[in-house]
Amino acid sequence: MGGKSKLHLVINSDRQWQFDIIVADGFVLTELAGVVDVIRLANRVCPSPPFTWTYRSVTGGMVESSAGAVVSTERLSDQPTADYAFVIGNADPDCAELALGRKISDYTFRGAQVFLLAEAASRYINENNEDSSHTTHWENSAFLRERTGVFDANFAIATENGPVVTCAGMGATVDVILAVIGRHISGAARMTVADILLHENIRDFGSQQPFSGVKTTTTGDDKLDQCIKIMQANVEDPVPINEIVAALELSNRSLERKFKTFLGATPNTFYREMRLAKANNLLLNTTMSVREIGMACGFPNGFSSVYKSFYGVTPFALRRQRRVAQG
């Protein structure tokens, strides 16, 4: 079941989505940060925080990464309520704490989707005698071939099989979690999170792991990538959509279809939210005046009202709240 991810946009602003992040001693800090920082930044750029997360482990308590960083965890529940569970790898496919078959079932039975990263994926594949319909890190694929003699690796960065998703882990964790949050936030907000992380290309699940040399794109569609680059290069003076489609040699209808399919928005909505996201970043991280920020983001008039209609607070009120929070 390789190929493109089947993630669908199911935005619901009336609730928060809970992530359980499951770790074992020796966990890979890169993968933990890949999950948590994407969620944290998504909460920052959205009008209201759409996500929460909890660190968990088999026994609870303090758990140390292979890099020496320590996190405080809560014990895994027999009746989990999370929407998603991410099991972080730990460079040891034989780690007993990664043998989570029953716990995985506890999550999936209650409608959650479970993402197994790197060694956690390898352990699941090995214990369930799974074949190439699953993915793990390419180094672990070699391990499984040696152990089983028959494993035929799937070198996609992630493979979705209903409620269980096996993943390569490491740096590809960011791509996977960006895909997941993309179900619940706008395409512009997701792109902003990637930009803050300096994550230039968001790979879909079917993208091959880097050693294959396969060229990746931001969305999986070259024309849509070109359109987004034009928008990003013209934030201060927005380019009319009809001029963009002419430059791309597309019809308006074709571009709208691409935006709806890949990003769940119209081109105009995406463009406006991209500019608002940049404005929000400038408000939080610079001393530019509100008027200067509006001009810099393509809102020469009515910036405050547009900003409030999206974020629920005026730019001036946000600045005031920021000053109070900083003491």
message: Would you say N234 and E236 are linked by a side-chain donor-acceptor pair, where the criterion is simply a distance under 3.5 Å?
response: no

- request: Check side chain to side chain donor-acceptor pair (under 3.5 Å) between T81 and all other residues, then give those that pass, not counting sequence neighbours.
  value: none

task: Side-chain contact test, heavy atoms from C-beta onward, threshold under 4.5 Å: evaluate it for L117 versus T173 and give yes or no.
output: yes

query: Between CE of M295 and CE of M288, what distance do you get to the nearest 0.5 Å?
result: 10.0 Å

Hphob cluster co-occupancy, L283 + V313, side-chain heavy atoms under 4.5 angstrom: yes

message: Given 3.5 Å as the limit, does a donor-acceptor pair link the side chain of E31 with the main chain of I88, or not?
response: no

query: So, for F259 and P267, which heavy atoms are closest and what is the spacing to 0.1 Å?
result: CD1-CG, 3.6 Å

field: Donor-acceptor pair, side chain of R275 and main chain of G298, under 3.5 angstrom
entry: yes

task: Name all pairs fulfilling the side-chain hydrogen bond (donor to acceptor under 3.5 Å, both in side chains) condition that reach into residues 59-77, sequence neighbours left out, sorted by first residue then second.
output: S57-T73

- line: On a heavy-atom basis, the closest approach of N90 and A24 is ND2-CB, 4.3 Å

- request: State, with a plain yes or no, whether a side-chain heavy atom of H137 is found less than 4.5 Å away from one of E119.
  value: no

field: Residues, nucleotides or ligands: over 12 heavy atoms within 6.0 Å of K223 NZ
entry: yes

message: Can you tell me how far apart CD1 (I125) and CG (L116) are? Round to the nearest 0.5 Å.
response: 8.5 Å

Closest non-hydrogen atom pair, P163 against A112: CB-O, 4.0 Å

task: For D237, check salt bridge (Lys or Arg N to Asp or Glu O under 4.0 Å) against everything at least two apart and list the hits.
output: none

message: Taking salt bridge (Lys or Arg N to Asp or Glu O under 4.0 Å) as the definition, give me every residue that meets it alongside K278, ordered by chain and number, with sequence neighbours left out.
response: none

query: OG1/T135 to CG/N161 distance, rounded to the nearest 0.5 angstrom?
result: 8.5 Å

Name the atoms and distances for all side-chain donor-acceptor pairs under 3.5 Å in residues 240-255, with sequence neighbours left out.
{"residue": "S251", "atom": "OG", "partner": "S254", "partner atom": "N", "Å": "3.0"}

- prompt: Do L32 and V176 share a hydrophobic cluster, counting only Ile, Leu, Val, Met, Phe, Trp and Tyr and linking them when any side-chain heavy atoms are less than 4.5 Å apart?
  reply: yes

message: Once salt bridge (charged side-chain N to carboxylate O under 4.0 Å, His left out) is applied, what residue pairs with a partner in residues 311-321 remain, sequence neighbours excluded?
response: none

message: With a 4.5 Å cut-off on side-chain heavy-atom distances among I, L, V, M, F, W and Y, is there a chain of contacts connecting L197 to M274?
response: yes

For A168 against A118, the heavy-atom pair lying closest together: O-CB, 3.5 Å

- request: Report yes if the side chains of F86 and I22 come closer than 4.5 Å at any heavy-atom pair, otherwise no.
  value: no

message: I need the minimum non-hydrogen distance between Q209 and T136, along with the two atoms involved.
response: NE2-O, 2.8 Å

Reported CZ-to-CD1 distance for the pair R123 and I104, which is rounded to 0.5 angstrom: 10.5 Å

- prompt: Would you say the side chain of L276 lies within less than 4.5 Å of the side chain of N280, judging by non-hydrogen atoms?
  reply: no

query: Does the side chain of Q113 come within less than 4.5 Å of V165's, by heavy atoms?
result: yes

Same apolar cluster (I L V M F W Y, side chains within < 4.5 Å links), I185/M231: yes

- prompt: Got a sec, which pairs hit salt bridge (charged side-chain N to carboxylate O under 4.0 Å, His left out) with one end in residues 164-182, sequence neighbours left out?
  reply: D175-R203

message: Between T261 and R257 (side chain of the first, backbone of the second, donor and acceptor by atom type, cut-off under 3.5 Å), is there such a pair?
response: yes

- request: Please check if atom CZ in R110 has more than 12 non-hydrogen atoms from other residues, nucleotides or ligands closer than 6.0 Å.
  value: yes

- prompt: With distance as the sole criterion, is a donor-acceptor pair present between the side chains of Y107 and D20 under 3.5 Å?
  reply: yes

Scan the side chains in residues 33-47 for donor-acceptor partners under 3.5 Å anywhere in the protein, sequence neighbours excluded, and list what turns up.
{"residue": "D37", "atom": "OD1", "partner": "R40", "partner atom": "NE", "Å": "3.3"}
{"residue": "D37", "atom": "OD1", "partner": "R40", "partner atom": "NH2", "Å": "3.4"}
{"residue": "N43", "atom": "OD1", "partner": "F51", "partner atom": "N", "Å": "3.0"}
{"residue": "N43", "atom": "ND2", "partner": "F51", "partner atom": "O", "Å": "2.9"}
{"residue": "R44", "atom": "NH2", "partner": "N281", "partner atom": "OD1", "Å": "2.7"}

message: If I take atom CD1 from residue I181 and atom OH from residue Y84, how far apart are they, to the nearest 0.5 angstrom?
response: 10.5 Å

field: Contacts of type salt bridge (Lys or Arg N to Asp or Glu O under 4.0 Å), residue D83, not counting sequence neighbours
entry: R15

query: Heavy atoms, side chains only, cut-off 4.5 Å: are T266 and E256 in contact?
result: no

query: Would a hydrophobic clustering, with Ile, Leu, Val, Met, Phe, Trp and Tyr connected at side-chain separations under 4.5 Å, put L76 with V164?
result: yes

message: Once you measure the plane-to-plane angle for F205 and F115, does it fall in the parallel (<30°), tilted (30-60°) or perpendicular (>60°) bin?
response: perpendicular

- prompt: Does the side chain of T52 pick up a donor-acceptor pair with the side chain of Q16 at under 3.5 Å?
  reply: no

query: Apart from M62 itself, what residues make up its hydrophobic cluster when side-chain heavy atoms of I, L, V, M, F, W and Y under 4.5 Å apart count as a link, directly or indirectly?
result: V70

- prompt: Between S304 and V290, is any pair of side-chain heavy atoms under 4.5 Å apart?
  reply: yes

Spacing of CD belonging to E292 relative to OG1 belonging to T287, to within rounding of 0.5 Å: 8.0 Å

query: Looking only at heavy atoms, what is the nearest atom pair of E97 and V58, with distance?
result: O-CG2, 3.9 Å

- request: Decide yes or no for L318 and L284: does some side-chain heavy atom of the first lie under 4.5 Å from some side-chain heavy atom of the second?
  value: yes

query: Do any pairs count as a ring pair (Phe, Tyr, Trp, His ring centres under 6.0 Å) and have a residue in residues 275-304, sequence neighbours left out, and if so which ones?
result: F299-F303, F303-Y307

- prompt: Taking ILVMFWY side chains as joined if any heavy atoms are under 4.5 angstrom apart, and letting links pass through other members, which residues group with V235?
  reply: none

